[in-house]
Undergrad: 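First the structure, which I've put down as structure tokens, then a few questions once you've had a look.
Along the sequence shown, residues carry numbers from 1.
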Amino acid sequence: MSPTLRVVVCALGFWIMATLEQALAPKLSVFGCPPDFLMVMGASIALLSTPLGGAWAGFFSGLLQGALAGANLTAYVISRILPAFGIAWMSDLDIRIAPTVAGLIVAATTLVSQLLLMFLAPPPQILPFLGATIGTAMYNGVLAIPVYSLLRRLFTGKEGAGLRL
């Protein structure tokens, strides 16, 4: 797949995830913990890309999340860029990540991202926020398994060549 087509697929994926975030996330809440579709997409792309591509995935994830929430974009963007850059940096190690491990990494990335957001834009109540963060992280980890598998299949093909965004 050409680099231009990869960018188009990523943009389309973010658009679909933003639509799901706005329309379905509140309805799919489990015990008050909604999924964060944009975080799943951004972290899954970051797992398959270079650190620069991961930072861009985190940037667009935070930009769209902040725009949908109507909140301070800076807090969302920073809290998404740093973890996405960190997990994309792991691509330099040339480790092939299994989908279940990708789910665990996305869950951990969600926790780190939400904790950064908590410090950048403090919520009114910390304990309910932390509880919802843990639930959302588990939800995102489960959702990341099929998303990561699909993206890896689209971007790398059957032979498993690395993605360079």
Side-chain angles (χ1 to χ4, degrees), residues 7-49 53-88 90 97-155 165:
V7 171
V8 169
V9 168
C10 290
L12 182 64
F14 273 121
W15 180 71
I16 290 169
M17 291 299 194
T19 303
L20 291 174
E21 183 79 28
Q22 188 66 27
L24 287 179
K27 295 175 183 162
L28 294 177
S29 293
V30 175
F31 301 117
C33 301
D36 189 348
F37 291 109
L38 290 167
M39 185 70 197
V40 170
M41 185 67 179
S44 296
I45 290 171
L47 279 171
L48 292 167
S49 64
W56 277 110
F59 173 79
F60 285 114
S61 173
L63 182 72
L64 290 169
Q65 184 71 36
L68 289 176
N72 185 355
L73 292 179
T74 305
Y76 278 103
V77 168
I78 290 173
S79 70
R80 300 295 198 266
I81 286 177
L82 295 176
F85 177 80
I87 63 172
M90 292 186 331
I97 298 171
T100 52
V101 175
L104 293 172
I105 292 171
V106 170
T109 303
T110 302
L111 281 172
V112 170
S113 176
Q114 289 296 95
L115 289 175
L116 281 171
L117 182 64
M118 182 181 75
F119 287 111
L120 293 171
Q125 296 178 343
I126 301 290
L127 289 178
F129 180 81
L130 290 175
T133 295
I134 293 169
T136 299
M138 290 188 298
Y139 208 151
N140 286 355
V142 171
L143 290 174
I145 294 170
V147 171
Y148 175 78
S149 298
L150 178 65
L151 288 173
R152 187 173 74 180
R153 174 67 67 135
L154 284 174
F155 290 160
L165 276 179

Undergrad: Any side-chain heavy atom of I126 within less than 4.5 Å of one from F129?
TA: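 Answer no - side chains too far apart.
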Undergrad: Would you give the length of the straight line joining atom CG of L115 to atom CG of L130, rounded to the nearest 0.5 angstrom?
TA: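 Here the interatomic distance stands at 6.5 Å.
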Undergrad: Let me confirm one number: the CG-OG1 distance from L63 to T74, rounded to the nearest 0.5 Å.
TA: 10.0 Å
Undergrad: Going through the distances and angles, do M90 and L47 end up as a side-chain contact (heavy atoms from CB on, under 4.5 Å)?
TA: CA-CA 8 Å; M90 292 186 331; L47 279 171; 4.1 Å; yes
Undergrad: Would you indicate whether the side-chain heavy atoms of S61 and M17 approach each other to under 4.5 Å?
TA: no
Undergrad: How many angstroms lie between CG in L38 and CD in Q22, if you round to the nearest 0.5 Å?
TA: 10.0 Å
Undergrad: Show the nearest heavy-atom pair for residues A46 and A84, with the distance to one decimal.
TA: CB-O, 3.5 Å
Undergrad: Within a strict 4.5 Å, meaning less than it, do heavy atoms of the E21 and Q65 side chains meet?
TA: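 When only atoms from C-beta onward are counted, Q65 and E21 do touch, with a gap below 4.5 Å.
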Undergrad: For S44 and V147, work out which heavy atoms get closest and say how close.
TA: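 Smallest heavy-atom distance, with atoms named: OG-CG1, 3.7 Å.
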Undergrad: Over all heavy atoms of both residues, which pair between C10 and M41 is shortest? Give the atoms and the distance, please.
TA: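 So the two residues come closest at O-CE, 4.1 Å.
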Undergrad: Could you pull out the closest heavy-atom pair between A69 and Y76, with the gap in Å?
TA: CB-OH, 3.9 Å
Undergrad: Does anything in residues 140-151 form a side-chain hydrogen bond (donor to acceptor under 3.5 Å, both in side chains)? List the pairs, not counting sequence neighbours.
TA: T110-N140
Undergrad: Answer whether the closest heavy-atom distance between the side chains of L28 and F37 falls below 4.5 Å.
TA: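 Contact flag for L28/F37 side chains = yes.
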Undergrad: In the structure I gave you, are the side-chain heavy atoms of R80 and D36 within less than 4.5 Å of one another anywhere?
TA: yes
Undergrad: Measure the shortest side-chain to side-chain distance between M118 and P123 over non-hydrogen atoms and say whether it is less than 4.5 angstrom.
TA: yes
Undergrad: Yes or no on side-chain contact (heavy atoms from CB on, under 4.5 Å) for L117 and I78, after CA distance, side-chain angles and deciding distance?
TA: CA-CA 8 Å; L117 182 64; I78 290 173; over 6 Å; no
Undergrad: Please report the interatomic distance CD1(I97) to CD1(I87), rounded to the nearest 0.5 Å.
TA: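 Reported to 0.5 Å precision, the distance equals 8.0 Å.
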Undergrad: Can you find a pair of side-chain heavy atoms, one from I45 and one from L151, that are under 4.5 Å apart?
TA: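 Yes, their side chains come closer than 4.5 Å.
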Undergrad: May I have the list of side-chain donor-acceptor pairs in residues 100-108 shorter than 3.5 Å, sequence neighbours left out?
TA:
none

Undergrad: Could you tell me whether the side chain of S113 and the main chain of T109 form a donor-acceptor pair under 3.5 Å?
TA: no
Undergrad: Donor-acceptor pair, T136 side chain versus C33 backbone, under 3.5 Å?
TA: no
Undergrad: Give the minimum heavy-atom separation between L120 and A75, together with the two atoms involved.
TA: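 Result for this residue pair: CD1-O, 3.7 Å.
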Undergrad: Rounded to the nearest 0.5 Å, how far apart are CG of L150 and CD1 of I145?
TA: 14.0 Å
Undergrad: Does P35 reach the side chain of V40, with side-chain heavy atoms less than 4.5 Å apart?
TA: no
Undergrad: Looking at G54, is its backbone amide N or carbonyl O close enough to the side chain of S49 to form a donor-acceptor pair, meaning the two atoms are under 3.5 Å apart?
TA: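 Flag set: sc S49 to bb G54 pair under 3.5 Å.
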Undergrad: Rounded to the nearest 0.5 Å, what's the gap from OG1 on T19 to CZ on F14? Could you check?
TA: 13.0 Å
